[in-house]
Amino acid sequence: MTAETILAWYDRHARTLPWRSPPGASPPDPYRVWLSEIMLQQTTVAAVKPYYERFLARWPSIEALAAAEDAELMAAWAGLGYYSRARNLLACARTVVAEHGGRFPASSAELRRLPGIGDYTAAAIAAIAFGEPAVVVDGNVERVVARLFALESKAAVRLQAAALTPAERPGDYAQAMMDLGATICTPRNPACAICPVRSDCRAFALGAPEAWPVRPPKPAKPHRRAFAFWAEADGHVLLVTRPAKGLLGGMRALPTGAWDAQPSLDDAPFPAPWRLLDPPVRHVFTHFSLDLSVACASVRRDNAAGEWWPMDRLDQAGLPTLFDKAARLALRERMTETATAC
DNA sequence: AAATCGTGGCC
DNA sequence: TGGCCAAGATT
């Protein structure tokens, strides 16, 4: 019942998105569905669009993507965040090419085994690209279903979501639920007045749609400090590649010291007359905030561990946003030369 | 299984 | 402006 209403709404109000086929049309290329779904994990549509277009133009097929080098793919992902997605993207592409003949497996169960594909993404690709009536539960669906039935537990939401999922047009239905959640049943100030299923909605009837879904309180973010070192020589700056796992894993970066303790200039990659830029770069991650002080020095270009990167091509290094901020600060200070010696 | 993992936009 | 949030996965 409700599913039909939502599909009818989708037929008239579906968003037009670069990775999407219109309602009722033949399903899009699984490669495109997969690429978009990975990028969209915990990431807004607006942020994904330019990355998706760039990736698709540069790597139009899974074979092309599988042949990419790690460094160029990580650089292309720079700025989008959650960088383990990029590593898993490449691992997944190579697995599909090497073990599945370059074709994505068509079932959610098989998709689920691939790197970077969890319960949600497996169901979404199976439904959208292959027409499997998989139960697709993302943050949008959780919110819509929790409100429709005034449910508090994730388990209850999943059961209801499964009961609601239609055998026909499962891909359109999944996207319809996500569009409904993204444009009408929003986290704050939901547009209940124009909601197609308002009359079926318990949360609306109870007069407090925003009370669902119930979120556990979030712990406070600790604050950390660190130094980043801008070492320049002969028009080049020293960059390192961070370890594959952990924060900003696998990304190019400025050398840094320890994050947390009282940061020390002793953590520099080598002794130099470091000048401290002010103010530090402030950056907020998911679970902590950071003040990154940038220390600059002109040095002799030697065999320090890392890459000496041409400063006039720094935009091609693929620095994540934190280090892009630090680099911009250093380049700006470099023009004005007002740094304080220390 | 709780912690970890980015970033930008919004109010 | 600071907290909240976004088409979650991994360990």
Side-chain angles (χ1 to χ4, degrees), chain A residues 14-15 17-20 28 32-52 74 77-89 91-92 111-129 134-145 154 158 161 171-183 185-190 210 213 215-224 242-251 253 259 281-290 292 318-325:
Chain A
R15 288 179 292 175
L17 299 171
W19 45 84
R20 182 181 274 187
R32 300 185 182 212
V33 176
W34 165 71
L35 180 59
S36 68
E37 289 299 341
I38 300 300
M39 288 184 167
L40 285 162
Q41 289 168 1
Q42 296 292 287
T43 308
T44 58
V45 166
V48 164
K49 275 182 181 171
Y51 283 85
Y52 175 82
M74 298 309 287
W77 196 276
L80 197 54
Y82 284 150
Y83 297 100
S84 65
R85 291 184 296 171
R87 288 217 163 281
N88 285 331
L89 190 80
C92 183
L111 288 162
R112 178 65 182 79
R113 297 190 200 113
L114 294 167
I117 298 185
D119 289 339
Y120 160 74
T121 304
I125 297 172
I128 297 169
V135 181
V136 178
V137 182
D138 73 329
N140 289 303
V141 176
E142 183 187 353
R143 185 170 59 254
V144 170
V145 173
K154 287 181 180 291
R158 172 159 276 282
D172 281 347
Y173 169 75
Q175 294 175 95
M177 290 291 277
M178 293 191 272
D179 276 19
L180 190 61
T183 65
C185 195
T186 51
R188 287 163 304 184
N189 300 317
E210 284 185 328
R215 299 286 189 205
K218 295 188 177 176
K221 286 185 205 294
H223 191 264
R224 299 184 188 175
R242 295 175 58 80
K245 299 197 173 192
L247 192 71
L248 307 177
M251 300 301 288
W259 302 30
V281 171
R282 297 203 132 168
H283 195 74
V284 180
F285 292 100
T286 306
H287 54 293
F288 68 94
S289 57
L290 178 72
L292 186 71
L319 295 177
T321 299
L322 169 67
F323 293 108
D324 189 61
K325 287 181 185 174

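In the text below, chain A, chain B and the rest are named by the order of the sequence lines, each starting its count at 1.
Applying a 4.0 Å cut-off to non-hydrogen atoms, the residues of residues 116-127 of chain A that approach DNA chain C are A:Gly116, A:Ile117, A:Gly118, A:Asp119, A:Tyr120, A:Thr121, listed by residue number.
When rounded to the nearest whole Å, the span between CD1 of A:Ile38 and P of C:dA9 equals 8 Å. When the P atom of C:dA7 is taken as reference, atom CD of A:Glu37 falls 11 Å away, rounded to whole Å. For the pair A:Leu180 CG and C:dA7 P, the computed distance is 12 Å after rounding to whole Å. One interatomic measurement links the two molecules: CZ of A:Arg158 to P of C:dG8, which rounds to 13 Å at whole-angstrom precision. Across the protein-nucleic acid pair, A:Glu142 atom CD and C:dC5 atom C1' stand 13 Å apart, rounded to whole Å. For the pair A:Asn88 CG and C:dA9 P, the interatomic distance rounds to 11 Å; values are reported in whole Å. One atom, CG of A:Asp138, and another, C1' of C:dA7, lie 5 Å apart when rounded to the nearest Å.
A:Phe285 and A:His283 have perpendicular rings, their planes meeting at more than 60° on a 0 to 90° scale where under 30° would count as parallel.
No engagement by A:Trp77 is indicated, since no non-hydrogen atom pair under 4.0 Å with the nucleic acid exists. Across all strands, A:Leu17 comes closer than 4.0 Å to base atoms (heavy-atom distances).
A:Asp119 has no carboxylate O lying under 4.0 Å from a charged side-chain N of A:Arg158, or vice versa, which leaves the two without a salt bridge.
More than 12 heavy atoms of other residues, nucleotides or ligands sit less than 6.0 Å from atom CZ of A:Arg242. Crowding of A:Lys154 atom NZ: a count of heavy atoms from other residues, nucleotides or ligands under 6.0 Å not exceeding 12. Residue-environment remark: CZ (A:Arg15) exceeds the threshold of 12 foreign heavy atoms within 6.0 Å.
Side-chain contact, A:Tyr120 with A:Glu37: a donor N or O sits under 3.5 Å from an acceptor N or O.
At a threshold of 4.5 Å between non-hydrogen side-chain atoms, the residues A:Asp179 and A:Arg20 count as touching. Residues A:Ile117 and A:Trp34 have side chains in contact (heavy-atom distance under 4.5 Å, counting atoms from C-beta outward).
Remark: A:Arg85 pairs with no residue by the salt bridge (charged side-chain N to carboxylate O under 4.0 Å, His left out) rule, at least two apart or across chains.
When each of A:Pro115 and A:Gly181 is assigned the nucleotide of DNA chain C with its nearest heavy atom, A:Gly181 is the one assigned upstream, toward the 5' end.
Rounded to a whole angstrom, the distance from the P atom of B:dC5 to that of C:dA7 is 23 Å.
Under 4.0 angstrom from either OP1 or OP2 of C:dA6 there lies at least one side-chain N or O belonging to A:Arg143.
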With the sugar-phosphate defined as primed atoms, P, OP1 and OP2, and the base as all remaining atoms, what B/S/- string results for nucleotides 1-11 of chain B, 5' to 3', for protein heavy atoms under 4.0 Å?
---SBBBS---
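One donor-acceptor pair, N or O on each side, does fall under 3.5 Å between the base of C:dA7 and the side chain of A:Arg15.
Comparing C:dC4, C:dA7, C:dA6 against the side chain of A:Lys218 picks out C:dC4 as the nearest.
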